[in-house]
2 protein chains.
Amino acid sequence: MYRAATIKQIAEALCVSISTVSRALSDSHEVSAETKRIVLEYAKKINYHSNPIAVSLKRGRSNSIGVLLSDVASSFFSQVINGIESIAYEKGYHVIITQSHDSFEREVTNMSHLASRSVDGILVSMSSQTTNYEHITSLHERGMPIVFFDRILDEIETFKVTTDNFKAAYEATEVLLKKGFKGIGHLTNAPQLSITIERLNGYMAALKANQIPFDERLVFYCHEGGRNPQEIETAIDHYLTKEIKADALLISSDRISTSALRVLKRLGKADQLTIIGFSNSDVIDLLSPGISFIRQRAFEMGEIAAEMLIKLIESKYPIYEFETKLLDGELHWKGKEKI
Amino acid sequence: MYRAATIKQIAEALCVSISTVSRALSDSHEVSAETKRIVLEYAKKINYHSNPIAVSLKRGRSNSIGVLLSDVASSFFSQVINGIESIAYEKGYHVIITQSHDSFEREVTNMSHLASRSVDGILVSMSSQTTNYEHITSLHERGMPIVFFDRILDEIETFKVTTDNFKAAYEATEVLLKKGFKGIGHLTNAPQLSITIERLNGYMAALKANQIPFDERLVFYCHEGGRNPQEIETAIDHYLTKEIKADALLISSDRISTSALRVLKRLGKADQLTIIGFSNSDVIDLLSPGISFIRQRAFEMGEIAAEMLIKLIESKYPIYEFETKLLDGELHWKGKEKI
DNA sequence: CTTATTTTCGGTAACGATTGCGTAGTTTTA
DNA sequence: TAAAACTACGCAATCGTTACCGAAAATAAG
């Protein structure tokens, strides 16, 4: 088996002490220029690289950050990861990805797994099933740096970054109203998620601003976030019943948007419901019938989250001032006016 | 700052030696049942978790695997990651993701970054720009377990898993021929990639089997893999010229397929070229005009790759028999017949 | 030419866990 | 009852690195 070179080997070969080698390699002023040169030269010759595990043990830091999200195989989250990775790479951190698949149990085990793996900090986007935050608060209280992105948690005071969901949902609803739609349904995610609440509020505010009474039958929650196709079928059936009188839908997630469109197409009723959905799919513009969408600045969100976390990790003094950064969604209207 | 509990603390609290605590925790027979009970109980009480960094240093293994691929924000690769992560999680490994963005330099630096991070093994899908394999062979020769997936490398003898690209391209070409298309173009990736070569061979073999002479003007390589939209524009322009007489395209990647479709739609010539493309997008069925596609078993590929790598890592004896596993692509025909 | 001060380096104790070896104390065997 | 064997535990080295402390040289100050 392959054994890497160590400073001990260098020390023995050059007849100097281990300390001197260590200092020479870290360019300490406590070692002469000549000795440095010799050590560096020999280190390069035998292809020495410091053992990061030993350094981690010594320093109590691993230079890696954990990411906890529901699913990597989603256009939104994979773009976020891309952003996270770009910053982490730049600052010399490793990214360790774990998926909850929106399961509470997996979120809890992943969380403790990451903690026991001594990551220096964790980026979290909540699972939609989570209603108990004990696993996060306890870790946070014991000093683990945590930054929330997308699906954030009000209960914990720290840095957060998410889309301005209120505004995005408000604007989307308003567009639909301006285009003449009367019965705007809101098909959304699990009710406990921050993004669900924010978007619902934006939706309701837009209705109110336009003197449209809120009808709670027009709101449908997908507790499984659209993982279960049956859920979407039920939702669409619901909106297509005569009493509801929905003519447009504001849909709160990528998966639900596309699933809903699929169901409508299969039923041959795609023209009955105009969809505007949150989506970061890179082929959304090619869909037919074209659906309008709100694109989130996912890559940027990943970058900002990673920057916030690294700032938290590397701060010499405890931080008490936290920011919640809101990113604007980009609304793309592709539909027709309601006649 | 948060400090985790250590066996030393347990030892002091219970007035036993560190060795005893360590043995009790690992359920050694050299410690009495009573002592074990006391230690385990106390460990649980103070929420003790062994420090994996210390264990890694001692054991010379980190229980983490590195992944090197071009881009996480792609439906195919994100599904592969999903598969990798599911196996790794199950077997107690961490997954460290790095992206080359198809840049040779990033591939080299990521590779050495992963190696110096002492991952126990690496899963590699080659960058499309890579033509020099020194950074991989040298690491492999020094004993680093490496498994290739998707874009594999013949030069290195190890486990590999990829789609049966020859067969998939052969079948796709044959379907087009059976449907009556005469001028089948092949719009593909960078020429040095294994998948490019295999697919080209499948394409050519299908032509030959149907007595169609091969016309090299019908093959167009996207050296940047479609990252540059201009590349696709040029390609489509090329296929739309009269001399070429292409009426269908076999496209070798997800990004190129959708970009090509976008260009065609913009030109209003989507009906002139029937597309069949490799794609793992989960909304490909909703596109219009509908394009036919070959779906790769991405999740399964990730699972298999991770299993192979962990087998390699945990094998007590050196392995000399390697397998290259080929997964069938799933062909979905959505087009019309050529009149 | 002494006495300070600086430069340069070595010894050694951590970091947290594992493990071979030694050894009391107990039990088994002859 | 004495020798042998076993049980249950402690000591200390080790993994590769860093950092504190001390101490020879080398230089500067008086």
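With hydrogens and angles left out, the side chain of A:Lys58 and the base of D:dT17 share no donor-acceptor pair within 3.5 Å.
Residues A:Ser100 and A:Leu69 form no side-chain contact, since every pair of their non-hydrogen atoms from C-beta on lies 4.5 Å or further apart. At a threshold of 4.5 Å between non-hydrogen side-chain atoms, the residues A:Phe76 and A:Ser78 do not count as touching. Looking at B:Met126 and B:Ile136, their side chains come closer than 4.5 Å, going by heavy atoms from C-beta outward. Using a 4.5 Å cut-off on side-chain heavy atoms (C-beta onward), A:Asp71 and A:His101 make contact. Side-chain atoms of A:Phe148 and A:Val161, non-hydrogen and from C-beta on, never get closer than 4.5 Å to each other.
Residues satisfying the salt bridge (Lys or Arg N to Asp or Glu O under 4.0 Å) test with A:Arg37, not counting sequence neighbours, are A:Glu34, A:Glu41. For A:Glu141, there are no salt bridge (Lys or Arg N to Asp or Glu O under 4.0 Å) partners two or more places apart in sequence or in a different chain. B:Ser26 meets the side chain to side chain contact (heavy atoms under 4.5 Å, CB included) test with B:Ser28; sequence neighbours excluded. With sequence neighbours left out, A:Phe159 forms a ring-ring contact (aromatic ring centres under 6.0 Å, His included) with A:Phe322.
Annotation: the terminal axes of the helix from C:dT5-D:dA26 to C:dA30-D:dT1 meet at 60°, where each axis is the rotation carrying the C1' atoms of four end pairs onto the next four (5 pairs per end, rounded to 10°).
A side-chain donor-acceptor contact under 3.5 Å links B:Thr109 and A:Tyr89.
Reading DNA chain C from its 5' end, the first and the last nucleotide to sit under 4.0 Å from a heavy atom of chain A are C:dT8 to C:dG16.
For the pair A:Arg23 CZ and D:dG22 P, the interatomic distance rounds to 14 Å; values are reported in whole Å. When the C1' atom of D:dT18 is taken as reference, atom CG of A:Leu25 falls 12 Å away, rounded to whole Å. Rounded to an integer number of Å, the gap from NZ of B:Lys8 to C1' of D:dA12 is 14 Å. Between the CD1 atom of B:Ile18 and the C1' atom of D:dC9 there is a distance of 13 Å, rounded to whole Å. Atom CD of B:Glu30 and atom P of D:dT7 are 10 Å apart (whole Å). Atom CD in B:Glu12 sits roughly 16 Å away from atom C1' in D:dC11 (whole-Å rounding). Here D:dC15 presents its C1' atom at 14 Å from CD1 of B:Ile53, a figure rounded to the nearest Å. Distance, B:Glu34 CD to D:dC9 P: 9 Å, rounded to whole Å.
Of the two residues contacting DNA chain D, namely A:His49 and B:Val21, the nearest-nucleotide position lying further toward the 5' end is that of B:Val21. Mapping B:Arg59 and B:Val16 onto DNA chain D via the closest heavy atom, the residue that lands nearer the 5' end is B:Val16.
For the pair A:Ser22 and D:dT18, the criterion of a side-chain N or O lying under 4.0 Å from OP1 or OP2 is met. Side-chain N/O atoms of B:Ser17 include one lying less than 4.0 angstrom from OP1 or OP2 on D:dG10. Contact check, B:Ser19 against D:dG10: no side-chain N or O comes under 4.0 Å of OP1 or OP2. In this model, the phosphate group of D:dC9 is approached by a side-chain N or O of B:Thr35 to a distance below 4.0 Å at OP1 or OP2.
When heavy atoms are screened at a 4.0 angstrom cut-off, A:Ser50 is found touching the sugar-phosphate backbone but no base atom.
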